[in-house]
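Comments concern the structure below.
FYI, side chains are in, hydrogens and waters are out, and symmetry mates aren't considered; it's all heavy atoms of this structure.
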Amino acid sequence: MKLVKILLLVCTLSFFSFSAVHEYYISLTQIEYVANKKSVQIISRLFVDDFENALRARYREDLTFGGQEETENIDEYVERYIKDKLTIKINGTKANFTYIGKESDIDIVKCYLEIEGVERIDSFEVTNKLLFDLIEEQQNIVKTKINSNQKSVILIPQKDTAVLKFN
Amino acid sequence: MNKFSYFCLSFLLMSFAIHAQEQSAAKKGHTNTNKFKQLYDEFSTPNMFRSASGAPGPAYYQQQADYEMDIVLDDKNAKISGFETITYTNNSPDELKYLWVQLDQNQRAKDSKSPLIETSGVAPVMFPNAFTKEYMQEPLERGFNILEVKDESGNPLQHMINRTMMRVELPKPMKTGDKFTFSIKWWYNINDHVMEGGRSGYEYFPKDGNRAYVIAQFFPRMAVYSDVEGWQNSQFWGRDEFALPFGDYEVNITVPADHILDGTGELTNRKEVYTKTMMERYEAAKKSFDKPVLIVTQDEAEAAEKGFSEATKTWKLKAENVRDFGFATSRKFILDMMAVKIGDKDVMAVSMYPKEGNPLWEEWSTRAVASTLESYSRMTFDYPYHKAISVHAKQQGMEYPMICWNYGRPNEDGTYSDRVKYGMMGVIIHEVGHNFFPMIVNSDERQWTWMDEGLNTFVQYVAEQDFGEKYPAALSPEDKHFPSDRGPAKMIVPYMGGDQDFIAPIMTKGLNTYQFGNNAYGKPATALNILRETVMGRELFDYAFKEYANRWKFKHPTPEDFFRTMEDASAFDLDWYWRGWFYTTDWVDIGVKDVKKYYVSDEPNAYMKKIMEERGIKKKQLKPLVYLVEEGSEDFKASMKKKSLLENSKPLQDYIMDNFSPEERKSIKEPKYFYNVTFEKPGGLVMPIIVKYNYTDGTSKEVTYPAQIWRLNDNEVSKAIASDKEIASIEIDPNEETADIDTSNNSWPRKTEQNDFDQFKEKIQG
Ligand SMILES: [Zn+2]
């Protein structure tokens, strides 16, 4: 039931049915370059219910996060989805990241990813399409801390990529 | 040393703190681009309708539209029909040849242009039903069917429909003070607001076959005619909401006999439509100030779900001085009420919800309504109506006078997440709050979304915090206060620091903004919250905000009326704040760029030595002077650190001994440390610099330099700080109250922060 509800909301409501107030569709991805470890550390926070619906729509209708009922191999799906939707280019080259794991925190799932062996960053490009396939109003906030520069950007379906240059 | 060179030297000393100005080769003039320039170019000239103070002027007028309506709901076919008589009063000094009537339902019509202005793309994955609807189905029959438009004697009136606007020709022009009465007969198919969207419509419950209706913008409504817009007949595209004149309403609504209904206005035939038991419970509710009393219980509502009565009942509602009318009706509705004291009046807080809203709704809806009325009344004026209703409707959040619909549905097993719970409380507070903005302080929503959404979201934040304090049980154990997502400064940082291609100034028509929610709700609410907490202070802000609300209640304000009133009532020049926050997309970023530490010395420092050399001045020619020596520079001696101020400078000691009595010397300050602190401002917005000086003895001091510090240099300013304590560190905006988008330059020395990544990685990988 819930699945149908969300998908209907997504696919049938254009912004014209925007009511006076609506629910928030937001994710937060924090990216930090730790130079002495040559590591780019990434934490993505997504709402459990939105994320669950996205995975269900794509992979399996019974996927569930959290507690006793958590689907056993849910990490595989999380990894697949995130690697599909989050792309990072460092110095112009696509970077591979390792999926470290995830943890649930009441309404939120935190996913931990890492890019290792990063000697230096002159340019950094992040494309974050998480949940854009499901929710038209989704906004993905990306906060970066690279070479002692902090940046916050909101990525939206019309503008899903941010490019940072450091020289 | 001759007089002349001494004069030159004093001049040099005076200009010590002034930066050398480089003149570029191609010199050019410029207009006044100072950020503190008054808004004469942006504001219209005050006139007899609207005063320079921001108050309604001596010739202020507004039109009046009174309605008498008979409405019939056909539940079986989900159709609604009505016959309405409008009496329109022309209070304007202008002669009117025609009237404009709004037909909002036509936005849903087959020939609506709304879908055509949307760009679209092929979605990579879709559910079959959504795909079918998008690509395979004919649009549904929606929109108004206007059967007749007639004058008082029943003669047809010439009229023309341009999409969502209908022009009605007047038999003879209306002069000032004239009234004109005419009637419209109409019907339309009601939309399923869950499947088709929309601010009103019905939700269908397949399990019991019932519908719950939330009905609004359901009748042809008069447009606003005003001194600023003439006729506000900008089309309803679906986003920008409504502009409506005030008037009195008498509405009879006929629905199935087993429905429970409520709407805008006094229910004048309560005894006819309530059972005896309901009347008794209602009387009890009027005396219950601490908890809601059920008028219709869940058991009774569940029994009614099975009824499908063929008989009908007519509910009669009468409202005075409202700008709109809405109602909700269903046999599924549970109904509860409690009383809340507002000023010397008792107001009824009311909730209507299907059982699907429980257990959340019976617990919190009515309490949230009551608490909202108290908070908003404190911030503005006493809620003037006799009731406020919160109706539960899936995925809705929409306001009308005295009634609103709100989302927040538990799972089928009655459990709910924090997001659903706080979402439900937040939306109720928001929509009930809309009674004040724009239902009473009746701004033009079609043009300025932020005037109602922004102001309302700002007060919503205050009301949510009140609600959390009043009902700690409403909060989850880990929350110390209500987790408001709009209002606190730092919540708007990602938006304001984001891509400039997708940000529009607040002063933009809603239809043309990117990120509507951030633009029209979040940013103005945050701007006002910062203005209140950080720039003006609560006392000045609250008085002025209240003054605005009171000046414009039951009237039609414009943005300028708000901006002007806030200044008029506070003696606080805010043109710079409006200009920056409302007219531009600039952001806040202020940092501490550089800190230099100085000691006092009686030996000429490098600066003076250079002058002496250039002009051939000998040391003994110099008059006694106080020199400042930077720590670590060639003039610096470690011994300076140990000595007191006067020990370090003989000329200073002599001057004090010669010019101050022993009594006066006692009260003289003797700072030991001298700092030159340079602040930078990479952000375009001018804001006060909030600085926390932390001293080595563990104490600290917070100083706020008003925004005007940036008036002569928009990029960089510095301050000489004399202190008897040594500064250990400096923090800018230590409480994150300015929405500073980059905090990496906010501290000296620069801070390194820890994140929780490594911790998690260790936990996982051991
Ligand atoms: Zn609103």
For the residue pair F65(A) and F51(A), categorise the inter-ring angle as parallel (less than 30°), tilted (30 to 60°) or perpendicular (more than 60°).
parallel

Using non-hydrogen atoms only, which part of F502(B) is less than 4.5 Å away from chain A: side chain, backbone, both, or neither?
side chain

Which atoms of N406(B) are under 4.5 Å from chain A, going by heavy atoms: the side chain, the backbone, both sets, or neither?
neither

Between the side chain of R239(B) and the main-chain N/O of G510(B), is any donor-acceptor distance below 3.5 Å?
yes

Within the side chain of T457(B), is there an N or O that forms a donor-acceptor pair under 3.5 Å with the backbone of E453(B)?
yes

Using 30° and 60° as the class limits, which term best fits the ring planes of F242(B) and F236(B): parallel, tilted or perpendicular?
tilted

Looking at side-chain heavy atoms only, is the closest gap between V214(B) and I403(B) below 4.5 Å?
no

Interface residues of residues 113-130 of chain A facing chain B - heavy atom cut-off under 4.5 Å:
L113(A), E114(A), E116(A)

With only heavy atoms counted, which part of K151(A) is less than 4.5 Å from chain B, the side chain, the backbone, both or neither?
neither

Given heavy-atom pairs under 4.5 angstrom as the criterion, report whether the side chain, backbone, both or neither of I141(A) touches chain B.
side chain

Can you list the residues of residues 154-164 of chain A that sit under 4.5 Å from chain B, counting heavy atoms only?
I154(A), I156(A), Q158(A), K159(A)

Any side-chain heavy atom of V432(B) within less than 4.5 Å of one from C404(B)?
yes

Side chain T144(A), main chain I146(A), donor-acceptor under 3.5 Å
no

Between the side chain of E431(B) and the main-chain N/O of W405(B), is any donor-acceptor distance below 3.5 Å?
no

